[in-house]
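Here is the structure we will look at.
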Amino acid sequence: MRGTDWCLSSAGAALVLATSSDEQHPAESVMDGNSETFWTTTGMFPQEFIIGFPRCVKISKVAIQSYLVRTLRIERSVSEDPVGFEECIEKDLEHTEGQLQKEEFPLPEFQATYLRFIIKSAFDHFVSVHRVIAEGAAENT
Amino acid sequence: MVKLAAKCILAGDPAVGKSALAQMFRTDGAHFQKNYTLTMGIELLVKAVSIPETSDSVEFFIFDSAGKDLFSEVLEKLWEQLNVLCLVYDITNEQSFNNCAKWLEKLKTRAAGMHVPGVLVGNKTDLVGRRVVEQKQAQEWAEQHGLEYCEMSVKEMKNFETPFHILAKSFHQLYKEKVETFHSLA
Ligand SMILES: Nc1nc2c(ncn2[C@@H]2O[C@H](COP(=O)(O)OP(=O)(O)OP(=O)(O)O)[C@@H](O)[C@H]2O)c(=O)[nH]1
Ligand SMILES: [Mg+2]
């Protein structure tokens, strides 16, 4: 079964909030399906961004491509508004000099209208996030 | 346009002028505190500095801590995830200069291998006749330890903004370098 990536703007996802913004590296860069574009954090940690889906969707795997992220926490909400978040997973990532972190989080299938990515700490002053992916069945409701 | 944010620690021995500097910087030179009131705990001030020839800026979250707390645990937590360091000594007080090594050591243990831009600042240049730490000596020491260097007199409002401009520039440079690295990854 080939799933849909709900985090793509082309799939209807929209950025709700990001705590940092460099006009040249906006948070929308994590939703464009392109690993070459990225969001940069510009300040102190924690840093976060929230992605909203067009409706409540089913997700069975979350993945991230980033650099210099240490502790990452992913939360979801099933509310209509971006409130009432609950934890999906929290993990310490590894850092290899010069290599993009490509981390996959296989999760028991869950529903979400919003996903929140919190970077709690980092290996350096700044981090980049190149892509986030939330794979789920493409279904009609 | 990018607005960076940096956690900045004001460190150095008691009475070297850290709080005087913070006050002066906060009020744009409108207020010099003549009487010495030692800092208890930690004071925070937030102020942005723009980067010349760009539309970028760095917003500093400046933590003015107590010089007497060099060896206390109060500071351990505060020094976590710091971005830049402003290390102050008094040019009329040799001990305050010698102790900079200890402050720097603290930085090294907290920074865990991360490069933290720092500036060494000699204060009270108005007390010409009482100078015991020569500029050359301090400058060399700063260079050896990878720090930028400047001297100031908070009392005479001389160069009191310089340390923050130096730190803003270094931090901004660091950001630009990191972005280059991020570009090279995919
Ligand atoms: N002559 C002279 N005195 C200064 C200067 N800057 C500060 N002082 C004086 O030095 C004394 C100590 O200044 P503070 O800023 O309180 O010192 P501090 O580093 O914050 O000290 P702690 O809080 O105990 O760590 C005060 O009496 C200030 O007025 C200066 O440039 N020249
Ligand atoms: Mg003080």
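Since we're looking at a predicted model, the values are computed, not measured. Chain naming here is simple, since letters A, B, ... match the order of the sequence lines and numbering starts at 1 in each.
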For chain B, which candidate among A:Ser128, A:Gly43, A:Ser35, A:Ala122 shows the most heavy-atom pairs at distances under 4.5 Å? A:Ser128

Within residues 4-11 of chain B, contacts to chain A at heavy-atom distances under 4.5 Å involve B:Leu4, B:Ala5, B:Ala6, B:Lys7

Side chains of A:Tyr67 and B:Thr181: donor-acceptor distance under 3.5 Å anywhere? no

Interface moiety of A:Phe126 toward chain B, non-hydrogen atoms closer than 4.5 Å: both

B:Met1 portion near chain A, given a 4.5 angstrom heavy-atom threshold: both

Would you name the heavy atoms of A:His130 and B:Phe182 that are closest together and state the gap between them? CE1-O, 3.5 Å

Take B:Lys178 and A:Leu68, measure what side chain to side chain contact (heavy atoms under 4.5 Å, CB included) needs, and give me the verdict at the end. CA-CA 10 Å; B:Lys178 273 282 141 7; A:Leu68 294 170; 3.7 Å; yes

Testing the basics here: between B:Phe61 and A:Met44, what is the closest heavy-atom pair and its distance to 0.1 Å? CD1-CE, 3.1 Å

Counting only heavy atoms from other residues, nucleotides and ligands, does the tally under 6.0 Å from NZ of B:Lys158 exceed 12? no

For B:Lys47, look at atom NZ and say whether over 12 heavy atoms of other residues, nucleotides or ligands are found less than 6.0 Å away. yes

With only heavy atoms counted, which part of B:His115 is less than 4.5 Å from chain A, the side chain, the backbone, both or neither? backbone

Taking B:Leu127 as the starting point, is it possible to reach B:Phe160 by hopping between hydrophobic residues whose side chains are less than 4.5 Å apart? no

Side chain to side chain donor-acceptor pair (under 3.5 Å): which pairs involve residues 49-62 of chain B, sequence neighbours left out? B:Asp56-B:His172

Residues of residues 80-94 of chain B contacting chain A, heavy-atom criterion under 4.5 Å, by residue number: B:Gln81, B:Leu82, B:Asn83

Against chain A, label B:Val179 side chain, backbone, both or neither, depending on which of its atoms sit under 4.5 Å from a heavy atom there. both

Using the rule that two of Ile, Leu, Val, Met, Phe, Trp, Tyr join whenever any of their side-chain heavy atoms come within less than 4.5 Å, decide whether B:Leu185 and A:Ile133 are in one cluster. no

Nearest heavy-atom neighbours spanning A:Asp124 and B:Met114: CA-SD, 3.4 Å

With a sphere of 6.0 Å drawn around CD of B:Gln173, does it hold more than 12 non-hydrogen atoms of other residues, nucleotides or ligands? yes

With the 4.5 Å side-chain cut-off for hydrophobic clustering, are A:Val132 and A:Leu15 part of the same group? yes

Rounded to the nearest 0.5 Å, how far does CD of B:Glu177 lie from NE2 of A:His125? 10.5 Å

Are B:Val128 and B:Met152 linked, directly or through intermediate hydrophobic residues, by side-chain heavy-atom contacts shorter than 4.5 Å (ILVMFWY only)? no

Considering only heavy atoms, which portion of A:Ser20 lies under 4.5 Å from any heavy atom of chain B: side chain, backbone, both, or neither? neither

NZ (B:Lys3) with more than 12 external heavy atoms under 6.0 Å: no

Group every Ile, Leu, Val, Met, Phe, Trp and Tyr by side-chain heavy-atom contacts under 4.5 Å, then state whether A:Phe45 and A:Phe117 land in the same group. yes

Among residues 69-107 of chain A, those lying within the under-4.5 Å heavy-atom range of chain B are A:Gly98, A:Gln99, A:Leu100

What closest approach, in Å, do A:Thr41 and B:Tyr175 show between heavy atoms, and which atom pair accounts for it? O-CE1, 3.8 Å

